[in-house]
Amino acid sequence: MGVRPDYLVHWTGKGIQIDSQKLSSAERDKYVERLLDILSSGFWMTRPNEILHGYDGATIPYTIPMTCFSEIRLTKAHSHARHYGLLGIGVNRRFVLERLGGPVQYVRNSEVEFIVGNYKQLLDFARTLAIEKRLKPGEQPENLLITNLTFLKSMSVTAAIDDFEYLDELEWRIIPVDRAIGAGLVKKTGHRSPELQIPLKPEDVSILVFPDAETRTKALGTKRFKRSLNS
């Protein structure tokens, strides 16, 4: 068994261009700007447009913002980047763990998946209990379940087809836990998008994966990039 890498990579740029052979000069500039923004302001936390599927037609959408990382080997980075973008910013596992993040648990994207089905029943029970007991929002057990659910991930793209498309990503996630926010490890922006960011220091960055050599040259030649490394 090979040694697992210590770095976890956050991939971004899906909305810019995901084919490195088709990058225009303007798109390279956008990638450079994205990198500089992350180095100065931190990782964005966003809500993925995904739904967990379980038995008896149970469906659970993600509702908590998160930042995702992949433990994927760089030899497989090309195929992974086609899903999420060509720019990778890597941190070590300790960075994620200190922000109370961790690896996801993979489940089937299927109507026979009992883990998702069980969670759906627990959610329904928690919501009914909150209504009956007239619990305040901060007291509702539903919040604890939703937090745990955020660390479930479908292993396949298409429902009822075990294609295992996501399984090899070895995904880790950080979500906005109150303790991490209180410690300044996750910050509220006061804006609608993003609502939250994860501050990043130069020493936090373990590796950078550029879309191509030309984008790397552009980034390395900017004064903002040099300042970000020396800040």
Which pair of heavy atoms, one from [X] and one from [Y], lies closest together, and at what distance?
{"X": "P65", "Y": "P176", "value": "O-CD, 3.0 Å"}
{"X": "A58", "Y": "G117", "value": "CB-CA, 4.1 Å"}
{"X": "L123", "Y": "E142", "value": "CD2-CG, 3.8 Å"}
{"X": "L149", "Y": "Y62", "value": "O-CE2, 3.8 Å"}

List the steps, then state whether side-chain contact (heavy atoms from CB on, under 4.5 Å) holds for L36 with F225.
CA-CA 6 Å; L36 296 175; F225 182 81; 3.8 Å; yes
Modelled atom types, side-chain donor and acceptor of T59 and K120, under 3.5 Å:
no
Without hydrogens or angle criteria, can the side chains of Y106 and E169 be said to hold a donor-acceptor pair below 3.5 Å?
no
Do E27 and K22 meet the salt-bridge criterion of a basic N to acidic O distance under 4.0 Å?
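Not counted as a salt bridge, because no side-chain N and carboxylate O are separated by less than 4.0 Å.
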Do E33 and K218 sit within salt-bridge range, that is, some charged N less than 4.0 Å from a carboxylate O?
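So E33 does not pair with K218 through a salt bridge.
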Sequence neighbours excluded, which residues qualify as salt bridge (Lys or Arg N to Asp or Glu O under 4.0 Å) partners of E165?
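Here no residue qualifies.
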Do [X] and [Y] come within less than 4.5 Å of each other through their side chains, counting heavy atoms only?
{"X": "Y166", "Y": "E171", "result": "no"}
{"X": "M155", "Y": "N109", "result": "no"}
{"X": "L152", "Y": "Y119", "result": "yes"}
{"X": "L170", "Y": "S70", "result": "no"}
{"X": "H53", "Y": "I60", "result": "no"}

Spatial distance of atom [atom1] ([X]) from atom [atom2] ([Y]) [nearest 0.5 Å]:
{"X": "R108", "Y": "L167", "atom1": "CZ", "atom2": "CG", "value": "12.5 Å"}
{"X": "T46", "Y": "I64", "atom1": "OG1", "atom2": "CD1", "value": "13.0 Å"}
{"X": "L8", "Y": "T67", "atom1": "CG", "atom2": "OG1", "value": "12.5 Å"}
{"X": "Q121", "Y": "Y55", "atom1": "CD", "atom2": "OH", "value": "4.0 Å"}
{"X": "R94", "Y": "S206", "atom1": "CZ", "atom2": "OG", "value": "12.5 Å"}
{"X": "L35", "Y": "T215", "atom1": "CG", "atom2": "OG1", "value": "10.0 Å"}

Is there a path of hydrophobic side-chain contacts, each under 4.5 Å between heavy atoms, that joins [X] and [Y]?
{"X": "M45", "Y": "L97", "value": "yes"}
{"X": "F151", "Y": "L185", "value": "no"}
{"X": "L100", "Y": "V104", "value": "no"}
{"X": "V96", "Y": "I175", "value": "no"}
{"X": "L39", "Y": "L220", "value": "yes"}

Counting only N and O atoms by type, is there a donor-acceptor contact under 3.5 Å from the side chain of [X] to the main-chain atoms of [Y]?
{"X": "T158", "Y": "I161", "answer": "no"}
{"X": "N92", "Y": "D6", "answer": "no"}
{"X": "S41", "Y": "I38", "answer": "no"}
{"X": "D204", "Y": "V91", "answer": "no"}
{"X": "S154", "Y": "L52", "answer": "no"}
{"X": "Y31", "Y": "Q17", "answer": "yes"}

Pick one: which of R99, M66, H10, E98 meets side-chain contact (heavy atoms from CB on, under 4.5 Å) with I174?
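The single option meeting the side-chain contact (heavy atoms from CB on, under 4.5 Å) with I174 is R99.
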Have a look at W11 and tell me which of I89, L86, I18, V209 forms a side-chain contact (heavy atoms from CB on, under 4.5 Å) with it.
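Among I89, L86, I18, V209, the one that satisfies the side-chain contact (heavy atoms from CB on, under 4.5 Å) with W11 is V209.
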side-chain contact (heavy atoms from CB on, under 4.5 Å) between D37 and W44, intermediate numbers included:
CA-CA 10 Å; D37 180 68; W44 285 30; 3.4 Å; yes
Before giving the answer on side-chain contact (heavy atoms from CB on, under 4.5 Å), spell out for W172 and E71 the whole-Å C-alpha distance, their side-chain angles and the decisive distance to 0.1 Å.
CA-CA 8 Å; W172 290 52; E71 197 180 297; 3.1 Å; yes
Which donor-acceptor pairs under 3.5 Å do the side chains of residues 186-199 make with protein atoms, sequence neighbours left out?
{"from": "T189", "atom 1": "OG1", "to": "H191", "atom 2": "N", "distance (Å)": "3.1"}
{"from": "T189", "atom 1": "OG1", "to": "P194", "atom 2": "O", "distance (Å)": "2.4"}
{"from": "T189", "atom 1": "OG1", "to": "E195", "atom 2": "O", "distance (Å)": "3.2"}
{"from": "E195", "atom 1": "OE2", "to": "R47", "atom 2": "NH1", "distance (Å)": "2.5"}

side-chain contact (heavy atoms from CB on, under 4.5 Å) between Q21 and D212, worked out
CA-CA 9 Å; Q21 302 301 314; D212 63 2; over 6 Å; no
Tell me, please, whether F43 has R34 positioned over its six-membered ring: NZ or CZ under 6.0 Å from the ring centre and within 45 degrees of its axis?
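No, a cation-pi geometry is absent between R34 and F43.
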